[in-house]
Colleague: 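Here it is, the structure in full.
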Amino acid sequence: MIGTNSNMQSIVEKSPIQKIEDDFLVIRGIQLYIKRDDLIHPEIQGNKWRKLKYNLQEAQEKQFKTLLTFGGAYSNHIYATAAAAEFFKFKSIGIIRGEESETLSSTLQFAISKGMELHYMNRETYRHKDEHATIKKLQEQFGEFYLVPEGGTNNLALKGVAEIIDEIDMDYDYICTACGTGGTLAGLVAGLSGNKKAIGFSSLKGEDMLTPAVNKLVHDFSGQTFTNFNINFNYHFGGYAKVKPELIDFIKEFKNEYGIQLEPVYTGKMFYGLFDLIKKDYFPTCAKIIAVHTGGLQGLKGFSNYFSESDLGESV
Ligand SMILES: *Cc1c(COP(=O)(O)O)cnc(C)c1O
């Protein structure tokens, strides 16, 4: 797509699928595979790349020079957008929630290193960032830009995520993903088009809002409503970016056992939940499960007190 940048590591077209071998799976006849979207690119990876892909293409086709997007100081989306903007030769502007702090997060330092121009927006205005008046003000301030929504979720994002389904050329019964806004789950549900079953593991509290949000996203994208998905809210570990010792231990064990790095905000919680459900015999015997590794490994740096240098070093 959209040209590549020869000076940089290229973006993997189709992420690999890796089988996980373990006794607790064998005794239940369960087959577990991981769709390794963390391997798409060291910086532009996971679901954030899937969501950006067609937005970048649209911005190129419409000849925008600048991308503008929103996020918090540790946002995987800000990180990926900054890297992708440099890669595809856009100027980029990041509108960061809250006040500028004295020490910049590693995420924001990285964004600046990729040429992203950062501006801070107070939390009150930020709540209204999607409103016409706010966007008009930003246009007056910065000129023309292609707007990528916070977290990257829109129709073009769903189109990109749905390609995960197209890439899987094996038989399976379930596909699992971590959930924040639900955009990624919505893309998978749209891609499945009523077949098989998708399970989302919520990284945050907020049970009543997420299922309708996914339904709306899927409907806006496809004009259809599907019921072959559910969202599990039992593994958020206290809420967004909250951790507990057993989650940190799980992430370390996972790396030791299978050689795959997870992080505590999204993928760690999903795999913790998925393993727990398998061990509680939630899935029928012989089920074939695919879990999407949605990337986000830069987020580990925000938890550097829990992890060793080697875990952090490999991720970025
Ligand atoms: C942003 C993110 C998610 C959540 O994606 P949504 O589409 O907002 O549900 C999941 N995993 C990782 C690694 C992420 O960075």
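Quick caveat: nothing in here was measured; it's all calculated off a predicted structure. Numbering of ligands and ligand atoms starts at 1, following listing order.
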Colleague: Please indicate whether Q63 has more than 12 foreign heavy atoms, meaning atoms of other residues, nucleotides or ligands, lying under 6.0 Å from its CD.
Modeller: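 No - once you tally the heavy atoms of other residues, nucleotides and ligands closer than 6.0 Å, there are 12 at most.
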Colleague: Apply the test side-chain contact (heavy atoms from CB on, under 4.5 Å) to residues Q261 and I251: give CA-CA distance (whole Å), side-chain angles for both, the deciding distance (0.1 Å), then the verdict.
Modeller: CA-CA 7 Å; Q261 185 69 58; I251 290 169; 4.0 Å; yes
Colleague: Compute the centroid of each ring, for Y172 and then for Y33, and state whether the two points are separated by less than 6.0 Å.
Modeller: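 They do not qualify: ring centres at least 6.0 Å apart.
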Colleague: Does a salt bridge link E43 with K48, judged by any charged N lying under 4.0 Å from a carboxylate O?
Modeller: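 So E43 does not pair with K48 through a salt bridge.
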Colleague: So which bit of K51 gets within less than 4.0 Å of ligand 1, heavy atoms only: side chain, backbone, both or neither?
Modeller: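 Under 4.0 Å from ligand 1, K51 contributes side-chain atoms alone.
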Colleague: Between N47 and ligand 1, find which residue part has any heavy-atom pair under 4.0 Å and reply side chain, backbone, both or neither.
Modeller: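 The side chain, only.
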Colleague: Taking heavy atoms and a distance under 4.0 Å, where does T181 meet ligand 1: side chain, backbone, both or neither?
Modeller: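 It is both parts that get close, each with some atom under 4.0 Å.
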Colleague: Hey, would you say the Y272 and F237 ring centroids sit under 6.0 Å apart?
Modeller: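 Centroid distance Y272-F237: below 6.0 Å, so yes.
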Colleague: Can you sort out which atoms of ligand 1 are near G183, meaning under 4.0 Å from one of its heavy atoms?
Modeller: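 Those qualifying, in numeric order: 6 (P), 7 (O), 9 (O).
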Colleague: Could you check whether any heavy atom of C179 sits closer than 4.0 Å to an atom of ligand 1, since that is the contact criterion I want to use?
Modeller: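 A heavy atom of C179 does come that close to ligand 1.
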Colleague: In terms of residue, atom name and distance, what is the protein heavy atom nearest to atom 11 (N) of ligand 1?
Modeller: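 The closest heavy atom on the protein side is T294 OG1, 2.7 Å.
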Colleague: Is the shortest distance from a Lys or Arg side-chain nitrogen in E163 or K159 to a carboxylate oxygen in the other one below 4.0 Å?
Modeller: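 No, this pair does not count.
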Colleague: Examine the side chains of N47 and T294 and answer whether a donor and an acceptor come within less than 3.5 Å of each other.
Modeller: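 Absent: no donor and acceptor within the cut-off.
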Colleague: Give yes or no for whether the N/O distance cutoff of 3.5 Å, strictly under, is met between G180 and ligand 1.
Modeller: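 G180 vs ligand 1: N/O contact under 3.5 Å present.
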Colleague: For N76, is at least one N or O under 3.5 Å away from an N or O on ligand 1?
Modeller: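 Between N76 and ligand 1 (N or O atoms, distance only) the closest approach is under 3.5 Å.
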Colleague: So for G151, does at least one of its heavy atoms come nearer than 4.0 angstrom to any atom of ligand 1?
Modeller: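 In this structure, G151 fails to qualify as a contact of ligand 1 - no heavy atom is under 4.0 Å.
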Colleague: Should the pair D249-K244 be classified as a salt bridge under the 4.0 Å nitrogen-to-oxygen rule?
Modeller: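 The answer is no: the pair does not qualify as a salt bridge.
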Colleague: Would G296 count as being in polar contact with ligand 1, using the rule that some N or O on each side must be under 3.5 angstrom apart?
Modeller: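 N/O-N/O distance below 3.5 Å does not exist for this pair.
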Colleague: Are any of the N/O atoms on T184, whether in the backbone or the side chain, positioned under 3.5 angstrom from an N/O atom of ligand 1?
Modeller: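 N/O-N/O distance under 3.5 Å: yes.
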Colleague: Strictly below 4.0 Å, N to O, side chains only: are D173 and K196 in salt-bridge contact?
Modeller: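 Between K196 and D173 there is no salt bridge, as every charged N stays at least 4.0 Å from the carboxylate O atoms.
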Colleague: Find all atoms of ligand 1 within a distance of less than 4.0 Å from any non-hydrogen atom belonging to G295, and give their numbers and elements.
Modeller: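 So the answer, numbered in order with elements, is 13 (C).
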Colleague: May I ask you to list the atoms of ligand 1 that are less than 4.0 angstrom from any heavy atom of G182?
Modeller: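 Listed by number with element: 6 (P), 8 (O), 9 (O).
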Colleague: Tell me: protein heavy atom nearest atom 2 (C) of ligand 1, and distance?
Modeller: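 Its nearest protein heavy-atom neighbour is K48 NZ, 2.4 Å.
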Colleague: Salt bridge or not for K89 and E86, using N-O below 4.0 Å?
Modeller: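 Salt bridge flag = no for E86 with K89.
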Colleague: For ligand 1, is there an N or O atom under 3.5 Å from any N or O atom of A178?
Modeller: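 The answer is no, given that A178 and ligand 1 share no N or O pair closer than 3.5 Å.
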